[in-house]
Every structure is written in structure tokens, then in C-alpha cells.
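Computed from heavy atoms alone, side chains included, the values below leave out hydrogens, waters and symmetry copies. From a predicted model like this one, the values you see are computed outputs, not experimental measurements.
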Amino acid sequence: MLTFFSAGTGGAPPPAFLLTGTNFKCSNSRRLTIWAGEFPDFLPKQVENIKDPYARKLASRIERIPTLGTEWSGCECTHCSSVPAVIEVNLSKGCVMSSCVKPKEQTEANPVVLLHGFDSSCLEWRYTLPILEDAGLETWAVDILGWGFSDLGRLPSCDVASKRDHLYQLWSTHIKRPMVLVGPSLGSAVAIDFSVKYPEAVDKLVLIDASVYAEGTGNLATLPKAVAYAGVYLLKSLPLRLYATSLAFNGLPFSTCIDWTNIGRLHCSLPWWEDALVNFMISGGYNVISQIEHVKQKTLIIWGEDDQIIDNKLAVRLHCELPNAILRQIPKCGHIPHVEKPDAVSRLIADFVRPDQSQRANPDSVSTISVPS
């Protein structure tokens, strides 16, 4: 469970990492201005205690958009009355108000859609998403059903099939074009499962420190519900989350570790979080080992060389088993490169998404993340 859990930690402040090269260059440190009361009212009140300016800025952009549920020809709620009917899925009847960060502008190129890791949220992308946007990429950050900040008051099923179908409904209703789907850690399993089931929706894949060789949740699926709830309650605890954050990142100051831990557990304050996570655990979780060879999309594998959670030998294995993949490793980087080395990850994604356009035309179009001490 800790392997899953560590992938959803809040992360650490990335160092300023200037990139120079033929295809990508970062410059012009960005400054953020935060106004009081800027957060959407559906976020837990603990968001006000977050100190990281990039997390606060991204939190202020989170919104909920209607995503249709199941077995109905059209939802009658005010949010969905104008949305056309879609295929049956495994969600509860009605409309799920799905949390995400929408792109600032639409472009002609296929959009980049960012998932997150186990029991995490779109706040994982607080450093990398702004850089991708500055690179001119249409970028979404989407919360996976059962995690993040979606409204699950009706408590739909949060098993693998429901997560997959929810993402498809969101894509078919709001995105509507083949996407570059980016999955970190367990999000890589989500991305592989989705791309094999709905290949028409995915143009390319990016897998970051991929957790794709676990055989589901294992023995956790057989736990009595009372024991499962006790385990989930422990997962929410600050000491365990602090430990997971320190495992994912080395050398964090304690005050920073506390703040980033609070970012990673912010969604746990929502009233349905425990029920949704238990539902996922006892459903068996993700087992995509047999699906890897069926991925047809061109795939970029990004891996932190110092990952202490998933052995980077599995990066080589994944590279060998995927039919059309390239592997790029980031030195002096742990399990969550998009938090620890956002400039490097942004460069790799931008060059992969549009290798012929890339940053050659405008090498100064992307700003370096520079976090105040």
C-alpha cells in the first residue's frame, strides 16, 4: 500500500533548473500574485493554510465540470441538461461534477491531459502545468474519479472500470480530440488501461515513473470492510503522509515537508474520500501487465534515476515491452519528476508532443519555475 500511497504525496519544492539546448530553453523567472479568497468554495477550508504559491495558484483554477453517469439517455440536472446523451458506463445514475484545471486557451494541436498518482489530485502539476502552458500547449489537469476534488456526494463506484469510463465521458464531452495522455506512477496504469480500451481518444502516451507491474491491490482486496476503513484512516494520518513525502524526496526542510504533505492530503478532507478509497481497494485495483503489449500509441517513458519507490530496472522492462516507446531518465531525481524537476519534464513532454515545432522557434517562451525560499 505504501508504494501506491507514496505516489500521491504532495511533493517537494523544485529547484530552479535552467535548461539549455537546441530544442528547449527556460528563462524569465515567473512571479505569482495571490489574492485572498481566490479559492473555489468546494475545496476544503484547509487550502487556506497552504503556503506554496504555485499550489495556491493552481488550486484557485480548479473547477468542476459536468460529466455524465450511467444507464440513462440524459441527465436532468441543470448542469447536464444541454449535454448530449452518451454510452452506458458504470457510474451511478446522474451527473458527476468532475474537478479539473482547464486550459487557458485552445490550440490546433492535440491537447495534453495530465493525470495524477494514487490517492492524489491535480495539484501534483502545480509546477509543470504552467511551464507547459507557457510552451503554447493546451493543457488539462484532470482528477481521477474517487480522488481529487470531484463531487462524489452520490458515491459512484470507484473501481477500475468506473475510473476508465468516467475519464472517457469527460473526454468525449469536453475535450473531444485525441489527446496526449500523461500518467505518473499509478496514473500510468490508468493511462495504459484507458488507451487500450479507447485508442481513438489517445494520440500519444507519456508514462512517468510508471507503477504498472503491481497485480492490483493484492490482499487488500480481501480485507473485511471494517479493517479496510481502519487502514484508510491510517493513510490519512499526518505522520504516515510525512514519511511518504520524505521517502519520495530527499533532503526536504521539515517546514517544507509539512506544507507539501498538506497539499498531498488536502482532498482527504472531503466527506466521501474514505468510502471512495475503500471501494477502490476492495475492487482489486489496477493490474495492467497483460495490457502493456497492446498499447499501440507512441509512448514516452520518463524516469527519475534516484527513484526510491519503483526500481528503475522496471523502466527498462517497460521500454522493452511497449511496442513503440522511448525512454528518458532524469538524473538526481526521485519518484515524482514533475514536482522535483518540472523544467526537465516539461522539456521532454513539449519535445515529444511536437518534435517538429518544439521550442526552436521561440526558445524563451517557457519560464523557469523559481520557488521562493
Side-chain angles (χ1 to χ4, degrees), residues 1-10 44 69-70 89-92 96 98-99 115-122 124 142-167 183-194 197 209-245 247-248 261 264-291 309-310 335-336:
M1 181 183 292
L2 187 58
T3 298
F4 280 136
F5 169 68
S6 298
T9 57
T70 86
V89 295
N90 294 328
L91 307 177
S92 299
V96 173
S98 305
S99 52
L115 303 177
H116 54 74
F118 171 76
D119 191 25
S120 187
S121 75
C122 57
E124 270 190 29
V142 174
D143 282 336
I144 298 167
L145 182 73
W147 301 317
F149 304 101
S150 297
D151 184 351
L152 303 184
R154 300 187 184 189
L155 199 62
S157 173
C158 294
D159 60 11
V160 168
S162 296
K163 292 180 189 296
R164 178 200 311 131
D165 293 335
H166 170 261
L167 180 56
S185 195
L186 189 67
S188 294
V190 178
I192 287 175
D193 174 76
F194 183 86
K197 179 68 174 180
D209 288 71
S211 176
V212 295
Y213 290 110
E215 297 182 359
T217 54
N219 294 332
L220 297 176
T222 64
L223 290 176
K225 273 197 172 182
V227 178
Y229 273 97
V232 166
Y233 181 80
L234 180 63
L235 280 180
K236 186 180 179 179
S237 67
L238 182 61
L240 186 59
R241 294 259 171 177
L242 274 171
Y243 173 70
T245 301
L247 185 65
T261 298
R265 68 197 286 262
L266 180 63
H267 65 286
C268 301
S269 298
L270 292 172
W272 43 77
W273 171 77
E274 291 181 354
D275 293 330
L277 188 54
V278 167
N279 182 273
F280 171 74
M281 288 169 51
I282 65 178
S283 72
Y286 281 92
N287 185 349
V288 299
I289 298 173
S290 63
Q291 294 177 282
I309 295 172
I310 301 178
H335 183 64
I336 314 180

Working to the nearest 0.5 angstrom, can you tell me the gap between [X] [atom1] and [Y] [atom2]?
| X | Y | atom1 | atom2 | result |
| --- | --- | --- | --- | --- |
| Leu223 | Tyr229 | CG | OH | 13.0 Å |
| Ser211 | Ile310 | OG | CD1 | 4.0 Å |
| Trp273 | Lys236 | CH2 | NZ | 6.5 Å |
| Ser290 | Glu215 | OG | CD | 10.0 Å |
| Ser237 | Tyr243 | OG | OH | 13.0 Å |
| Lys163 | Cys158 | NZ | SG | 5.0 Å |

> Is the Tyr286 ring parallel, tilted or perpendicular to the Phe280 ring (thresholds 30°, 60°)?
Replying inline: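 Aromatic pair Tyr286/Phe280 classed tilted.
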> Which is it for Lys225 and Asp275 under the salt bridge (Lys or Arg N to Asp or Glu O under 4.0 Å) test, yes or no, and what are the steps along the way?
Replying inline: CA-CA 10 Å; Lys225 273 197 172 182; Asp275 293 330; over 6 Å; no
Heavy-atom distance under 4.5 Å between the side chains of [X] and [Y], does that happen here?
| X | Y | answer |
| --- | --- | --- |
| Leu235 | Leu277 | yes |
| Arg241 | Cys268 | yes |
| Ser157 | Asn279 | yes |
| Asp119 | His267 | yes |
| Leu242 | Thr261 | yes |

Of all the heavy-atom pairs spanning [X] and [Y], show the shortest one and how long it is.
| X | Y | answer |
| --- | --- | --- |
| Val212 | Ala189 | CG1-N, 3.7 Å |
| Arg265 | Leu238 | NH2-N, 3.8 Å |
| Glu124 | Pro184 | OE1-CG, 3.6 Å |
| Gly285 | Val160 | O-CG2, 3.2 Å |
| Asn287 | Gly216 | CB-N, 3.9 Å |
| Gly187 | Leu115 | O-CD1, 3.9 Å |

> When you look at Ile309 and Leu247, which way does the side-chain contact (heavy atoms from CB on, under 4.5 Å) test go after all the steps?
Replying inline: CA-CA 8 Å; Ile309 295 172; Leu247 185 65; 4.2 Å; yes
With a 3.5 Å cut-off and sequence neighbours excluded, list the donor-acceptor pairs that the side chains of residues 143-152 form with protein atoms.
| unit_1 | atom_1 | unit_2 | atom_2 | d |
| --- | --- | --- | --- | --- |
| Asp143 | OD1 | Cys122 | N | 2.7 |
| Asp143 | OD2 | Ser99 | OG | 2.5 |
| Asp143 | OD2 | Phe149 | N | 3.0 |
| Ser150 | OG | Ser99 | N | 2.9 |
| Ser150 | OG | Ser99 | OG | 3.2 |
| Asp151 | OD1 | Gly153 | N | 3.0 |

> How about Ser162 and Asp159: does a side-chain donor come under 3.5 Å of a side-chain acceptor?
Replying inline: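 Indeed, the side chains of Ser162 and Asp159 share at least one donor-acceptor pair under 3.5 Å.
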